[in-house]
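Below you'll find the structure, written out as structure tokens, and then a few comments.
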Amino acid sequence: MDQIDWDNLGFNVVETKSMFTATCKQGETWQKGGLVPYGKIELSPAAGVLNYGQGCFEGTKAFRTVNNRVVLFRIDLNAKRMAISTKRLCIPQMDTTFFINAVKETVLDNIDYVPPLNKGTLYVRPIVWGTSPAIGVKPVEEYTFMIFVSPVGPYFKDGVRPLNLKINKDYHRAAPKGIGNAKAIGNYSASLYPLTEAKSEGYDEVLYLDAKDDTFLEEVGSANLFLIKDGKLITPKLRGSILDGVTRDSVMKIAKAKLELDPIEADITLKELYNSDEVFCTGTAVSVTPVGSIADEDGVHSLSDGKIGLYTRKLKEILVGIQREEVKDDFGWLFPLK
Ligand SMILES: Cc1ncc(COP(=O)(O)O)c(C=O)c1O
């Protein structure tokens, strides 16, 4: 194992010991598979994934806890979402138990790469794609599933400062009735151009509006969005084009059970966003990250004086506390591995 600089982890790929791989044909079920040394793969230039984007993935993390255990967080929800994504992309629907066992096996074999407490987490990336060749547009015959892992630090390079988001009405992330609610690879390729443009102008991420009316908030390129107004926690209603985030669900449950904040799923306008008391985004990679400003065609709107709001801080503390076993896991969300 190469020496890893645990004190300076970014959100980058670090090669680890092994990766999981399995294959499945149309009409069959996912089974067996196993670990192979981490490395490159061979692929036909005509592979379904390369030509028609037939691929989807998941993102989850393994955490080292204060009890020096390694735990997965709500992996059952990632497994369910993988089943939804595979079905939508005409990939043999992945069985949830198969998925969970494969993730556990991969993390256990790479346990030495789970960063020490306070240094980071082990990001886990299950990915599945159409392997066999196709020249006409159709679902291909054979599929490959892999899981690789990488020790990571904060997603945004300056760590925990509030984010500056950009709304750009020239682009949408996902269409209604499209594949926005699946974790399809194509959703991310669509977001690269607006993201690159926003970053070159000094913003951290893009905040997308709904593709039908350009009126309601959807989500950030890699995270869900929340606002707090008058003691209510409000997040965009899932209307088919928004990803149903594991962290989104967790934050709503924590808010209700621990902070007496009523979670509401609604259509949210920009006016409501700018009038809110606190804004933050949620995701496996970003955890709970406050939003300090939002720029649109009318200029920059500052939020919460650019500071982390009280509720945002509490929600983050409880979520991270559960993941680190500092706060009791009343919800039964942890899957201990070791
Ligand atoms: C587009 C998008 N929305 C939301 C999320 C948050 O989902 P989760 O909390 O399951 O990580 C992600 C992934 O992190 C994402 O890629």
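Note that ligands are numbered from 1 as they come in the structure, with each ligand's atoms numbered from 1 the same way.
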Polar side chain donor-acceptor pair, [X] to [Y], under 3.5 angstrom:
{"X": "E278", "Y": "T312", "result": "yes"}
{"X": "Y123", "Y": "R125", "result": "yes"}
{"X": "N224", "Y": "T247", "result": "no"}

Protein residue, atom and distance nearest to [atom], heavy-atom basis:
{"atom": "atom 13 (C) of ligand 1", "result": "K183 NZ, 3.2 Å"}
{"atom": "atom 9 (O) of ligand 1", "result": "T247 OG1, 2.5 Å"}
{"atom": "atom 14 (O) of ligand 1", "result": "S222 O, 3.5 Å"}
{"atom": "atom 11 (O) of ligand 1", "result": "T284 OG1, 2.6 Å"}

If I apply the N/O under 3.5 Å rule, does [X] come out as touching ligand 1?
{"X": "N78", "answer": "no"}
{"X": "V220", "answer": "no"}
{"X": "R248", "answer": "no"}
{"X": "E219", "answer": "yes"}
{"X": "Y188", "answer": "yes"}

For [X], counting its heavy atoms only, list the atoms of ligand 1 lying under 4.0 Å from any of them.
{"X": "G283", "value": "6 (C), 9 (O), 11 (O)"}
{"X": "R81", "value": "7 (O), 8 (P), 10 (O)"}
{"X": "R173", "value": "1 (C)"}
{"X": "G245", "value": "7 (O), 8 (P), 9 (O), 10 (O)"}

*Does I100 share a hydrophobic cluster with W30, counting links as ILVMFWY side-chain heavy atoms below 4.5 Å and allowing steps through other members?*
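Yes, it is one cluster - the side chains of I100 and W30 are joined through contacts under 4.5 Å.
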*Same cluster for Y193 and Y188 if Ile/Leu/Val/Met/Phe/Trp/Tyr side chains link at under 4.5 Å?*
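In one cluster with Y193: Y188, no.
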*Charged N-O contact under 4.0 Å between K232 and D230*: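 A salt bridge is absent here (no side-chain N lies under 4.0 Å from a carboxylate O).
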*Evaluate the ring planes of F226 and F280, with Trp represented by its six-membered ring, and classify them as parallel (under 30°), tilted (30 to 60°) or perpendicular (over 60°).*
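Answer is parallel, since the angle falls under 30°.
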*Which word best sums up how the rings of F145 and F98 line up, parallel for under 30°, tilted for 30 to 60°, or perpendicular for over 60°?*
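Ring orientation of F145 relative to F98: tilted.
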*Looking only at heavy atoms, is any part of L243 under 4.0 Å from ligand 1, and if so is it the side chain, the backbone, or both, or is it neither?*
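Looking at L243 and ligand 1, just side chain atoms fall under 4.0 Å.
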*Would you say G59 touches ligand 1, if touching means a heavy atom closer than 4.0 Å?*
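It does not, in that no heavy atom of G59 comes within the 4.0 Å cut-off of ligand 1.
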*State if G180 counts as touching ligand 1 under the rule of any non-hydrogen atom under 4.0 Å.*
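No, G180 has no heavy atoms under 4.0 Å from ligand 1.
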*Is there a donor-acceptor pair closer than 3.5 Å between any side-chain N or O of E219 and the backbone N or O of L243?*
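Side chain of E219 to backbone of L243: a pair is present.
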*If you draw a 6.0 Å radius around CD1 in I41, do more than 12 non-hydrogen atoms from other residues or ligands fall strictly inside?*
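Atom CD1 in I41 is crowded, with more than 12 foreign heavy atoms closer than 6.0 Å.
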